Undergrad: 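First, the structure itself, so that you have it in front of you.
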Amino acid sequence: MSDILVLNGPNLNLLGTRQPEVYGSTTLAMIEDACRDRAQTLRYTVTCVQSNHEGELIDAIHAARGRHVGIIINAGAYTHSSIALMDAIASVEIPTVEVHLSNIHAREEFRHRSYIAPVSLGQICGFGATGYLLAMEALAVHLSKGAA
Ligand code: DHK
């Protein structure tokens, strides 16, 4: 098993045209392609899922058990509100890295709190689309330690 789930939450399907001054001009399809390329060099494969619905994100996390060795998640605004997503990640016990394109700590106060962070290996934010690739590297390092 060597597949990583790249999970994107609400409004991230609009990347490229959505507030490019905050989120950049890279589309989600471009980010997913870049993740696939980077995964290949790291000897992993990638499955990409995006949903605007909290329950679908939770279902994807539940379904990850036995299918994916790790999860990279940008939960969008659910980051700041969803105890249910936090519980789902904690329940499946799959190494998870949290990503945000923007630096959520330099933005409005309500974005500073993440319910995903306490159940993640770590959080990468503020590096735009590159953050997903940094997350992939971090996950691969973590998984290789487990394998050693
Ligand atoms: C994406 C969102 O949709 C926001 O709701 C978060 C995050 C930040 C990002 O920077 O990728 O607050």
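If you read the sequence from its start, that first residue is 1, and numbering goes on from there. Source: prediction; values computed, not measured. Atoms considered below: every heavy atom in the structure, side chains included; atoms not considered: hydrogens, waters and symmetry mates. Both ligands and their constituent atoms are indexed starting at 1 by order of listing.
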Undergrad: Using the side chain to side chain contact (heavy atoms under 4.5 Å, CB included) rule, pick out the option among I71, V141, L139, T96 that qualifies with L121.
TA: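 The option that passes is L139.
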Undergrad: Side chain, backbone, both or neither: which applies to I104 and ligand 1 if a contact is any heavy-atom pair less than 4.0 Å apart?
TA: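 Just the side chain.
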Undergrad: Please answer whether the main-chain N or O of H80 pairs with a side-chain N or O of S82 as donor and acceptor at a distance below 3.5 Å.
TA: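 Not at all, since once roles are kept as given, no pair shorter than 3.5 Å links the two residues.
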Undergrad: In the protein, what heavy atom is nearest to atom 1 (C) of ligand 1, and what distance, to one decimal place, separates them?
TA: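 For this ligand atom, the closest protein heavy atom is Y23 CE2, 3.6 Å.
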Undergrad: Can you pull out the closest protein heavy atom to atom 9 (C) of ligand 1? Residue, atom name and distance to 0.1 Å, please.
TA: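 The answer is L101 N, 3.4 Å.
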Undergrad: Given the rule in the side chain to side chain donor-acceptor pair (under 3.5 Å) test, do E98 and S114 qualify, once you have shown the distances and angles that lead to the verdict?
TA: CA-CA 9 Å; E98 178 185 13; S114 167; 2.6 Å; yes
Undergrad: Strictly below 4.0 Å, N to O, side chains only: are E137 and R38 in salt-bridge contact?
TA: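 Salt bridge flag = yes for R38 with E137.
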Undergrad: If you measure from atom 3 (O) of ligand 1 to every heavy atom of E108, H100, R107, R18, which option wins on shortest distance?
TA: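 Nearest heavy atom to atom 3 (O) of ligand 1 lies in R18.
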Undergrad: Have a look at L12 and tell me which of N52, L7, N74 forms a side chain to side chain contact (heavy atoms under 4.5 Å, CB included) with it.
TA: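 Considering N52, L7, N74, a side chain to side chain contact (heavy atoms under 4.5 Å, CB included) with L12 is found only for N74.
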Undergrad: Considering non-hydrogen atoms of the protein only, which is the closest contact for atom 10 (O) of ligand 1, and what is the distance?
TA: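 Result: S102 OG, 2.6 Å.
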Undergrad: Is it the case that ligand 1 has an N or O less than 3.5 angstrom from some N or O of N11?
TA: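 So ligand 1 has no N or O lying under 3.5 Å from an N or O of N11.
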Undergrad: Under the side chain to side chain donor-acceptor pair (under 3.5 Å) criterion, do Y132 and N8 qualify, and how do the steps go?
TA: CA-CA 11 Å; Y132 288 82; N8 279 286; 2.5 Å; yes
Undergrad: Between N74 and ligand 1, which residue portion shows a heavy-atom distance shorter than 4.0 Å: side chain, backbone, both, or neither?
TA: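 Side chain only.
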Undergrad: Looking only at protein heavy atoms, which one is nearest to atom 6 (C) of ligand 1, and what is the separation?
TA: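 Minimum-distance protein heavy atom for atom 6 (C) of ligand 1 reads H80 NE2, 3.5 Å.
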